[in-house]
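Working notes, beginning with the structure itself.
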Amino acid sequence: MNLLTLQNTLETHIIEALKVLSYYDDSINITIETPKDKSNGDLSTNVAMQYARVARKAPRKIAEELIEALDVSGLPIDHTDIAGPGFINFYLKDTALHNVIPTIIQKGETYGNLSLGKDTKVNIEFVSVNPTGALHIGHARGAAAGDSLARIMTKAGYDVTKEYYVNDGGNQIHTLAKSIEARYKQLFDIDADIPEDGYHGEDIITTAKAFKHKYGDTYLEKDGYELFKSFGVETLLDGLKVDLNRFDVSFDVWFHEKELYKNHDVESTVKLLKDKGYTYEEDGAVWLKTSEFNDEKDRVIIKSDGSYTYLTPDIAYHHNKIKRGFDQLIDILGGDHHGYIDRLQAAIEIVSGKKDILDVEILQMVKVIQDGEEVKMSKRSGKAITLRDLLDEVGKDPIRYFFAARSLNTQMDLDLDLAIRKTTENPVYYVQYASARIHSVFDQADKLDLSYDPKLDTFDALNNEKVNDVLALLAAYPETIEASAKSRSPHKVTTYIHKLATAFHSLYNSDKFITDDTKKTIEYLTLLKAIHIVLVDALTLIGVSAPEKM
RNA sequence: GCUCCCGUAGCUCAGUUGGAUAGAGCGCAACCCUCCGAAGGUUGAAGUCGCAUGUUCGAAUCAUGUCGGGAGCGCCA
């Protein structure tokens with residue numbers, strides 16, 4: 001019996017007992033949790049306190065009655081007691097958690113897979129940076145967050161599509177084309193200024209050189225605007241893909257804004273909005289009544305000059321996603337876009353008639369610290385710390401771990417000097433070391449011709465506190481996945497990984513795995529195998545490798 | 001001025017559908033390798049959970065106010 005089923009069974013038994021005592025009230029939710037401090041038992045419930053009002057009795061008194069009425073004879077519970085203001089604590093039998101070991105070994109990397117998101121198609125859109133330069137550190141955070149979340153939700157059973165929206169229809173692309181054109185002309189020593197608000201990054205010069213290499217001087221006289229545009233988008237996008245690839249982030253769909261115009265999605269969406277009666281004309285512009293759906297005011301969707309605002313194709317884009325059959329849309333946006341959420345959600349509700357189909361996760365800013373001072377970043381000036389720099393100087397694993405360790409919605413500092421230092425100050429080495437250590441133990445065992453036994457189901461030698469700590473964590477893996485997926489919080493997996501590594505290192509220092517006692521050795525090796533399976537799987541979820549040697 | 005996010009140990013951060021003595025890493029102090037990898041372990045010092053009031057058996061968590069940091073308030077994207 002695993003921990004989740006045990007909790008569920010226990011809950012059923014408690015409800016039965018409450019009914020016997022005629023206290024039962026279905027509006028009170030029964031929660032069974034694992035106490036932070038294990039001296040408070042392996043499982044605990046606060047029902048007695050919750051029922052204090054209903055039963056009109058002291059919580060401890062209710063707890064006593066409840067334990068009397070509770071039948072746990074069929075469960076692997078050693079004893080039960082009452083503590084503090086009225087908590088009921090359950091202490092499991094020593095052997096209760098042993099069977100998690102064969103379960104894990106049998107299921108392998110599918111251990112912890114859930115059917116939480118069964119039949120739910122989810123689209124996660126993230127990064128979606130305009131191809132006007134390299135990815136900087138903030139984008140890296142978005143990439144790590146989106147990719148990790150996608151992996152976790154996939155493990156939880158959702159049908160996940162990772163999508164990147166390429167804004168190749170807007171003003172910034174116009175500026176990009178003009179910037180490349182200027183750099184191109186400069187390559188021929190022609191005096192050309194980069195436009196106001198243009199892009200000054202190194203990659204623009206590289207792109208201009210590539211353009212020159214391919215087309216020579218053809219477009220010095222001839223108008224090459226459209227070509228500068230498409231060549232620029234294509235070249236810069238390829239560059240982004242290279243970096244993302246190195247960061248172990250991939251996308252299932254690259255969606256181009258241009259498609260929305262080509263397919264007349266924008267037109268038909270505008271028509272739909274008009275047909276539904278949520279638009280009106282004022283000052284020569286067309287407005288959408290988003291204020292009727294929780295936005296602070298109405299928004300223009302067609303400007304008085306006839307062109308669209310940024311919002312309009314974006315509504316069409318989300319509409320397009322819904323038409324592709326997604327049940328849930330998740331956008332991961334930078335903190336500077338939070339003012340945009342209300343109007344987008346309002347528009348999506350008008351289009352789809354559904355309220356909660358779009359879930360926007362906001363990623364707060366990353367403050368970069370170097371030499372003890374904040375580094376201000378600006379993409380346009382080209383003075384940004386790029387993902388590429390980070391990959392070159394720090395490496396993929398520490399960066400992904402670092403981002404995955406923070407909750408999305410918190411501002412964070414990144415001390416570059418620290419990150420680059422590659423010392424034990426970076427906890428990623430701590431968890432990777434756990435994996436390397438297990439490998440090393442298996443190497444030693446191999447010399448003695450010993451290995452784990454996948455069929456083993458009794459573990460008589462594994463009965464100390466350190467072992468139980470590890471087993472409890474292994475048993476808690478599925479619920480960690482569930483909590484992480486439900487709350488869209490990849491960092492919960494990272495916290496779990498760290499706990500598991502700590503429990504393992506502690507065990508390693510207190511117990512000797514390989515001894516003359518062959519039976520005991522094999523039991524330990526089998527436990528280590530299970531730890532390793534879970535450790536590697538959890539690390540994979542956040543995009544971090546588990547090296548065999550370091 | 002209005003809206004959103006954040007404020008927890010010296011530093012970086014967990015913990016918030018209200019629960020037991022508020023946790024981790026780094027840094028600091030002291031111990032542990034004749035023994036499977038010391039990139040490790042054990043122990044310790046370190047906190048008015050920004051502040052105030054309220055809600056109740058119980059508040060870091062909820063409400064109101066307030067102070068500090070960040071972001072957003074376009075017919076920009």
Side-chain angles (χ1 to χ4, degrees), chain A residues 29 31 33 35-37 39-41 44-46 49-50 52-53 58-59 83-87 89 130 132 167 169-173 175 197 282-287 296-297 299-314 334-342 362-365 367 369 402 405-415 418 422-434 436-445 447-448 466 487 489 491-492 494-495 498-499 501-502 504-515 521 524-525 528 549-550:
Chain A
N29 223 344
T31 54
E33 55 176 18
K36 278 176 251 174
D37 185 344
S39 68
N40 288 320
S44 174
T45 179
N46 62 352
M49 280 127 79
Q50 289 179 303
R53 254 165 281 185
F87 288 98
N89 296 334
N130 291 1
T132 56
N167 285 120
N171 225 330
Q172 293 193 8
I173 300 302
T175 312
D197 293 336
E282 195 175 292
D283 302 330
V286 177
W287 298 69
E296 60 174 326
K297 59 182 186 180
R299 308 290 172 175
V300 169
I301 53 169
I302 302 175
K303 301 184 219 171
S304 50
D305 68 1
S307 63
Y308 298 122
T309 60
Y310 179 82
L311 178 64
T312 316
D314 211 18
D336 52 345
H337 287 84
H338 88 254
Y340 181 69
I341 301 172
D342 284 347
I362 285 295
L363 227 40
Q364 297 298 332
M365 298 287 157
K367 192 200 284 181
I369 312 285
F402 182 79
R406 264 68 171 171
S407 73
L408 304 185
N409 198 15
T410 185
Q411 290 156 233
M412 54 181 274
D413 287 7
L414 174 61
D415 187 331
L418 211 67
K422 286 195 189 178
T423 64
T424 55
E425 286 165 24
N426 196 325
V428 71
Y429 300 116
Y430 178 85
V431 298
Q432 290 186 321
Y433 184 49
R437 257 185 162 174
I438 293 173
H439 260 284
S440 180
V441 174
F442 275 104
D443 282 347
Q444 294 296 325
K447 288 176 191 163
L448 302 169
K466 302 270 187 198
S487 62
S489 306
H491 76 274
K492 288 185 178 173
T494 313
T495 306
H498 192 268
K499 275 191 201 162
T502 302
F504 165 73
H505 283 311
S506 183
L507 178 69
Y508 181 95
N509 274 274
S510 72
D511 293 11
K512 189 152 171 59
F513 306 141
I514 299 173
T515 60
T521 302
Y524 267 115
L525 289 174
L528 292 193
K549 291 195 188 326
M550 296 172 63

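The chains referred to below are lettered A, B, ... by the order of the sequence lines, with proteins before strands, and numbering in each begins at 1. Note that this is a predicted model, so its numbers are computed, not measured.
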- [ ] Report the C-alpha separation of A/Y308 and A/I301 in whole Å, then their side-chain angles, then the decisive distance to 0.1 Å, and conclude whether the side chain to side chain contact (heavy atoms under 4.5 Å, CB included) test is met.
- [x] CA-CA 6 Å; A/Y308 298 122; A/I301 53 169; 5.9 Å; no

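For the pair A/L525/A/V441, a side-chain contact is recorded, criterion being any heavy-atom separation below 4.5 Å from C-beta on.
The glycosidic torsion of B/rC5 lies more than 90° away from 0, placing the base in the anti range.
Of the P atoms belonging to B/rG7 and B/rU17, the separation is 15 Å, rounded to the nearest Å. Across B/rG40 and B/rC33, the matching C1' atoms stand 10 Å from one another, rounded to whole Å. Going from the P atom of B/rU16 to that of B/rA52 covers 24 Å, rounded to whole Å. B/rU42 and B/rG25 have their P atoms separated by 9 Å, given to the nearest Å. Separation of the P atoms belonging to B/rA9 and B/rC67 is 22 Å when rounded to the nearest angstrom. With both ends at atom P, the span from B/rA29 to B/rA45 equals 16 Å, rounded to whole Å. B/rU21 and B/rU3 are spaced 38 Å apart, taking the P atom of each and rounding to whole Å. Taking atom P in both B/rC2 and B/rA20, one finds a spacing of 37 Å when rounded to whole Å.
A distance of 12.5 Å separates CD1 in A/I514 from OH in A/Y524, rounded to the nearest 0.5 Å.
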Task: Heavy-atom protein contacts under 4.0 Å, nucleotides 17-30 of chain B, coded B base, S sugar-phosphate only, - none - done: --BB---SSS----

Task: Contact pattern, 5' to 3', of nucleotides 68-77 of chain B - B, S or - by protein heavy atom under 4.0 Å - done: -BSBSSSBSB

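When both pairing distances are held under 3.5 Å, B/rC28 makes a Watson-Crick or G-U pair with B/rG44. B/rU61: no Watson-Crick or G-U partner with both key distances under 3.5 Å is found in any strand. The partner of B/rU21 cannot be assigned: no Watson-Crick or G-U wobble pair with both contacts below 3.5 Å exists in any strand. When Watson-Crick and G-U wobble pairs are counted only if both distances are under 3.5 Å, B/rG68 pairs with B/rC6. B/rC36 is unpaired under the criterion used here, namely a Watson-Crick or G-U wobble arrangement in which both key atom distances are under 3.5 Å.
Applying the 4.0 Å criterion to OP1 and OP2 of B/rG40, one finds that A/S506 has every side-chain N and O outside that range.
The minimum heavy-atom distance linking A/N509 with A/R437 is given by the pair ND2-NH1, 3.9 Å.
Here A/K499 lies out of heavy-atom contact (under 4.0 Å) with every strand.
With sequence neighbours left out, A/D443 forms a salt bridge (Lys or Arg N to Asp or Glu O under 4.0 Å) with A/K549. Taking A/K492 as the reference, A/S487 meet the side-chain hydrogen bond (donor to acceptor under 3.5 Å, both in side chains) condition, with sequence neighbours excluded. For A/M412, the side chain to side chain contact (heavy atoms under 4.5 Å, CB included) criterion is met by A/R141, A/V366, A/F402, A/F403, A/R406, not counting sequence neighbours.
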Could you list the protein-to-nucleotides 34-36 of chain B atom pairs, N/O on both sides, closer than 3.5 Å?
from: B/rC35; atom 1: O2'; to: A/K512; atom 2: NZ; distance (Å): 3.2
from: B/rC36; atom 1: O2; to: A/I514; atom 2: N; distance (Å): 3.2
from: B/rC36; atom 1: N3; to: A/F513; atom 2: N; distance (Å): 3.1
from: B/rC36; atom 1: N4; to: A/Y508; atom 2: O; distance (Å): 2.8
from: B/rC36; atom 1: N4; to: A/D511; atom 2: O; distance (Å): 2.5

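Residues A/A501 and A/Y433 each lie close to RNA chain B; by heavy-atom proximity, the contact nearer the 5' end of the strand is made by A/Y433.
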